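Structure, as structure tokens:
Letters go in sequence order (proteins before strands), and every chain restarts at 1. Quick caveat, the model's predicted, so the values are computed rather than measured.
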Protein chains: 2
Amino acid sequence: MDRLDRKILRLLQEDSTLAVAEIAKKVGLSTTPCWRRIQKLEEDGVIQRRVALLDPAAINAKVTVFVSIRTNSHSNEWLKRFSEVISEFPEVVEFYRMSGDVDYLLRVVVPDIAAYDAFYKRLIAKIEIRDVSSSFAMEQIKYTTQLPLDYIQLAKEPGSSS
Amino acid sequence: MDRLDRKILRLLQEDSTLAVAEIAKKVGLSTTPCWRRIQKLEEDGVIQRRVALLDPAAINAKVTVFVSIRTNSHSNEWLKRFSEVISEFPEVVEFYRMSGDVDYLLRVVVPDIAAYDAFYKRLIAKIEIRDVSSSFAMEQIKYTTQLPLDYIQLAKEPGSSS
DNA sequence: AGCCTTTCATGGATCGTCTCGACCGCAAAA
DNA sequence: TTTTGCGGTCGAGACGATCCATGAAAGGCT
């Protein structure tokens, strides 16, 4: 993993429809080695998948709700079942086990408050939860799938000696 | 927007490398009309972009921190500057203006706690914030870019009469 | 110094896929 | 009944992915 790989990843995180030749030009390689690098990044699982991102408004899912959950049971058994139940809901797009005050945090996407209420009822019907607290997002100021590439451990590269 | 469009979107949200002919087969269309629908979905902005998703662990960015922010100033002026400053950090992958108790919520991605501390210092050096509270995610149980398609308003379709 | 490994550049061949145009047919709408 | 809006089929041209072969440059090792 070197500077070139990082550049390639940066481009593909922006737009995965770029042609290999196009990427090669931008990173300063010819197409064959650039193609091989991309292959390798996919084999190694650095690039996990390529997906289409949709406009939330266009599919009537523009309200984000953060749901903080506190629980009584902390057994593995319970967590397993809990995870399965939660993950089945397509409205739940993110789901974290947290440290501190709150045990779990969900990001839920729905059309409006009424739909959230319906979701909430379906959720608590399926599993018992001690304490639930919902916070509504008024505005999504930034949302990106582009992870920061500044922390990658770069391997030694040729041409770095004086 | 009908059932077929929804099926197409479902597939492309999963894997945008699928060939048009492949999608057509799965959806029950022939390739040309399927291709036309995809074109239209892109023109209409329903499909916003196609991107590569990376493995957070592979790029040394596997710790998620949720940052709750409270502020004093609520002027548009201040919000504008605040948004710009925050959005410039590549570590901030999500950024919401919230209702209720907390004013803003960030999702920040970093390699470890030390890196988060460094990020935090850079942040508060750039802009004054009344109150900041950080919660660390222990585990990412679910993360998907697939939005729920169950809320799409379907247009009238042929063959729906008895 | 000589050899080995790695990785690049170049060129080319092949194959799949996208893209799009032309035309037909059905069915609902006007 | 005519028009309009899809979808189906066919097919052509362009483009891009994939892979092979070869040669050159650079660094590491003995």
Assess whether atom CD of A:Glu128 is packed by more than 12 heavy atoms of other residues, nucleotides or ligands within 6.0 Å.
no
CG of B:Asn72: more than 12 outside heavy atoms within 6.0 angstrom?
yes
Without decimals, in angstroms, what is the distance between B:Asp2 CG and C:dA27 P?
18 Å
Distance check needed: D:dG16 P versus A:Glu22 CD, whole Å only.
8 Å
If you measure from the Lys or Arg side-chain nitrogens to the Asp or Glu carboxylate oxygens, is any gap between B:Arg6 and B:Asp2 under 4.0 Å?
no
Donor-acceptor side-chain pairing of A:Ser134 and A:Tyr116 below 3.5 angstrom:
yes
For DNA chain D, determine which residues of residues 23-53 of chain A have any heavy atom closer than 4.0 angstrom to one of its atoms, and list them numerically.
A:Thr32, A:Trp35, A:Gln39
Report yes or no: do B:Tyr96 and A:Gln140 form a side-chain donor-acceptor pair below 3.5 Å?
yes
